[in-house]
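A short write-up of the structure that comes next.
Along the sequence shown, residues are numbered consecutively beginning with 1. Computed over heavy atoms, backbone and side chain alike; hydrogens, waters and symmetry mates excluded.
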Amino acid sequence: MTLDLDRIVEIQAHFDAGRYDTVIARLSDPLPSNSAEWRLLGMAYLWSRRLPEAELPLMRASELGDAEARVEFGNLLRLQGRFSEAIRHFEAITPELTGELALRALRWWGTADFQAGRMAEGLERCERAWRGYMALGDDERIGRVTQTVAQMFVQMGDMPRARHLYGEALRLLPTDSTPVARLSALTGLANIQVLTGDFAGARATLAQGWQILEHTHALTPRAFLLTVEAELHHLTGDQALHLRTLQELRALVETTQDFELLTWTATRLADLYSRQGEHGRALEALLDLAPDAAHPAVTMTRGVLLRRRQHHAQAADYLNRALEAPGLGEGQRVRALLHLAEAQAAQGDESGSLGTFRAALTALISARDRMLYRPDLQELTNLVQRALLDPDLAPDIQLVLEKLAFPGIGDRAPTAAPLHLRVATLGRAEVERGGERVSLSLEGSVLTLAYLALNPGRTRRELEATIYPDRDPKTAGDYFRAVFRELRVRLGPEVLHMEGSPKQPRYHLGPEVHVQLDVTELREALESGDLPRALALYRGPFLPGLRMESEWADELREELRVLLTLELRSRLNRAREEGDLRRALLYANEFLRVDPYDVGVLETRVEIARQVATPQELARYVVELHRMRV
């Protein structure tokens, strides 16, 4: 075995600077010839999260007697989710280790214990490692292990302690080196800010993280930063950015194969798809992406997916199994209890449901990561309402709801998360929910959505009489029930709100439903004189493919055509009077795009074209005029 010290020193310098690709390139040709080189190659793969490729070099270095390689091989087992193997490995090697390597092994051993569900043992080992690093006086390593302990306190729900530790880590970590370590601490701090509702603070901390990320190509820090951004978008109701962030995260974790990140991304992506009603896609994402189908978080998520599909008995089974499994984090445990309570109520087990909900409430009252549970309580409104009507539970649920309310809002019940809809009706019929296209099978669904956005507070009979006056009451009533059901299933139950008499309720869009309707935008653009925006919005008549007869749709279609053509005619006449004939010709063309059958404008266009258009353009305009006259 040869030992080229100069080569090792050079490669170690690249490794210390975070240039892992350079290390891998230098040690791939020629291949390592000693344990130090094999170790550096394995650790370069490990730190760049190319986990499958790290295994062989680290094993080779371990067999050659390299103690650091043995420690990092145990860390590799942990990162791959092979917790039992990692624990056995550390049990075997730690007694022979001394100094910093002994502390590093203790840290990774404790982390493996914690991830395997042995939380008390894991925290105790990591705290021992932490105290050992403090005795060594190495600030950078103290900062790293401080983060590990802080992450454990987050999992256990002790946010103040975790926040303090992340602050200590940032104070200890140098600013002129180890960007990955500082980035990890900033990510952890931002996560706590998100979970405690400090969204402004989280955005500021994330901005610092993205700045530091520019100085490293490491994938895992980017992935962890994306997890916090995804949670932020989820809790602030920006579903489009939430989905986009999770999709970007998925591409990263499928490359790194980090067990923890794969599990987190799989459960969050499945939860989002399920909330959007895409149940098959949710289960596919969960099972395809999660590295361990039996992991407690995956089991809990499957229970939630089943409950949303109304399979309550199966949902209860999965949720109970998750609650019985070691390793389920506190936040996941509370979510499992909430959804289990709803599944039990749906099966008629009222006493069991109230008991389960009482257990969830006990945790919620003292929870510091209060924002984490807000979406679930918003979803489980029936469960919340039952608790508000129960004398034993009402005081506690009211306290929780007050803690979950945004500052300045004293509503008793949690306000619904904003639902952002974009409804396109001009030249097409499309609905986007949170930036994602939603398919609606009934053509009356888009029509009804647009009508309620423009005319809130109508009874169903008024809706029937206005939109479908020629249908008999029973046919119209049956169709509206189908439309309302589709809107609630595809867009969410909060999309429609009823008030007034139960026999003759008045329908509104939900109080937190924000509709971006192109009809409204077109009217606003015309009122403000913004003709270019109006023309950009007008991609065709209002719901042009509507097969059913609707007097209201016909009248709105004509109103919009008239409004736009009046403005165009005014601009056309003004341009002609001012002698700006080229502009007048453009206005004429736009007018005829909106109303191609106006013979007067066709004639005007030919007159203008004789003065400013090319012979080819004039010939085309003359042909179109003659065709209309025939």
Side-chain angles (χ1 to χ4, degrees), residues 421-432 437 443 446-447 449-451 453-455 466-467 515-630:
L421 299 179
R422 178 182 170 276
V423 183
T425 61
L426 300 175
R428 62 209 191 279
E430 295 176 2
V431 176
E432 289 182 1
R437 176 86 174 271
E443 63 176 10
V446 178
L447 177 63
L449 198 59
Y451 182 85
L454 295 169
N455 304 279
T466 303
I467 301 180
V515 176
Q516 182 183 347
L517 179 64
D518 54 3
V519 170
T520 302
E521 292 181 304
L522 176 64
R523 285 171 169 168
E524 291 172 351
L526 289 171
E527 288 173 3
S528 65
D530 190 352
L531 182 60
R533 173 154 175 73
L535 290 171
L537 287 164
Y538 192 86
R539 293 173 57 179
F542 176 73
L543 296 179
L546 196 65
R547 294 184 298 273
M548 60 178 61
E549 294 183 2
S550 172
E551 184 176 343
W552 176 78
D554 292 339
E555 290 175 354
L556 180 58
R557 190 177 298 124
E558 180 63 12
E559 175 201 344
L560 297 175
R561 184 192 66 80
V562 169
L563 285 173
L564 190 53
T565 53
L566 280 174
E567 180 65 23
L568 282 164
R569 192 185 300 275
S570 173
R571 300 286 185 102
L572 168 60
N573 292 336
R574 191 184 314 151
R576 290 185 74 188
E577 291 170 0
E578 295 172 352
D580 192 351
L581 298 184
R582 292 185 180 278
R583 188 179 301 275
L585 185 59
L586 294 174
Y587 285 139
N589 282 326
E590 289 296 333
F591 184 107
L592 293 169
R593 180 173 71 87
V594 178
D595 185 359
Y597 305 107
D598 192 301
V599 175
V601 176
L602 285 166
E603 292 172 341
T604 298
R605 182 172 66 171
V606 169
E607 293 174 13
I608 298 170
R610 291 188 192 281
Q611 302 177 65
V612 297
T614 65
Q616 294 84 354
E617 286 177 309
L618 175 59
R620 178 163 60 84
Y621 298 154
V622 169
V623 168
E624 290 177 9
L625 173 59
H626 288 166
R627 187 183 297 125
M628 188 60 59
R629 284 173 168 170
V630 172

Selection residues 526-545 - residue pairs positive for salt bridge (charged side-chain N to carboxylate O under 4.0 Å, His left out), sequence neighbours left out:
Glu521-Arg533

Nearest 0.5 Å please: distance from the CG atom of Leu449 over to the CG atom of Leu517.
8.0 Å

Interatomic spacing from CG in Leu526 to CG in Leu531 - rounded to 0.5 Å:
7.0 Å

Min side-chain heavy-atom separation [X]-[Y] under 4.5 Å:
{"X": "Leu447", "Y": "Trp552", "answer": "yes"}
{"X": "Thr466", "Y": "Glu551", "answer": "no"}
{"X": "Arg620", "Y": "Glu624", "answer": "yes"}

Set of salt bridge (Lys or Arg N to Asp or Glu O under 4.0 Å) partners for Glu617, sequence neighbours left out:
none

Can you name the residues that form a salt bridge (Lys or Arg N to Asp or Glu O under 4.0 Å) with Arg428, not counting sequence neighbours?
Glu430

Look at the side chain of Thr425 and the backbone N and O of Phe542, then say whether any donor-acceptor pair between them is shorter than 3.5 Å.
no

Looking only at non-hydrogen atoms, find the nearest pair between [X] and [Y] and report the distance.
{"X": "Leu618", "Y": "Ala613", "answer": "N-CB, 4.4 Å"}
{"X": "Leu560", "Y": "Leu426", "answer": "CD1-CD2, 3.7 Å"}
{"X": "Pro541", "Y": "Pro544", "answer": "O-CD, 3.1 Å"}
{"X": "Ala534", "Y": "Leu564", "answer": "CB-CD1, 4.1 Å"}
{"X": "Ala429", "Y": "Arg437", "answer": "O-NH2, 4.5 Å"}

Please list, chain by chain and in numerical order, all residues satisfying side-chain contact (heavy atoms from CB on, under 4.5 Å) with [X], sequence neighbours excluded.
{"X": "Leu566", "answer": "Val562"}
{"X": "Arg629", "answer": "Glu603, Leu625, His626"}
{"X": "Ser570", "answer": "Arg574"}
{"X": "Glu524", "answer": "Thr520"}

Using side-chain hydrogen bond (donor to acceptor under 3.5 Å, both in side chains) as the criterion, list what pairs up with [X], not counting sequence neighbours.
{"X": "Glu443", "value": "none"}
{"X": "Tyr621", "value": "Asn589"}
{"X": "Arg422", "value": "none"}
{"X": "Glu607", "value": "Arg576"}

Let me have the donor-acceptor pairs involving side chains of residues 591-599, under 3.5 Å, with sequence neighbours excluded, atom names and distances please.
unit_1, atom_1, unit_2, atom_2, d
Arg593, NE, Glu590, OE1, 3.1
Arg593, NH1, Tyr538, O, 3.0
Arg593, NH2, Leu535, O, 3.1
Arg593, NH2, Glu590, OE1, 3.4
Asp595, OD1, Tyr597, N, 3.3
Asp595, OD2, Arg561, NH1, 2.8
Asp598, OD1, Gly600, N, 3.1
Asp598, OD1, Val601, N, 3.0
Asp598, OD2, Arg569, NH2, 3.0

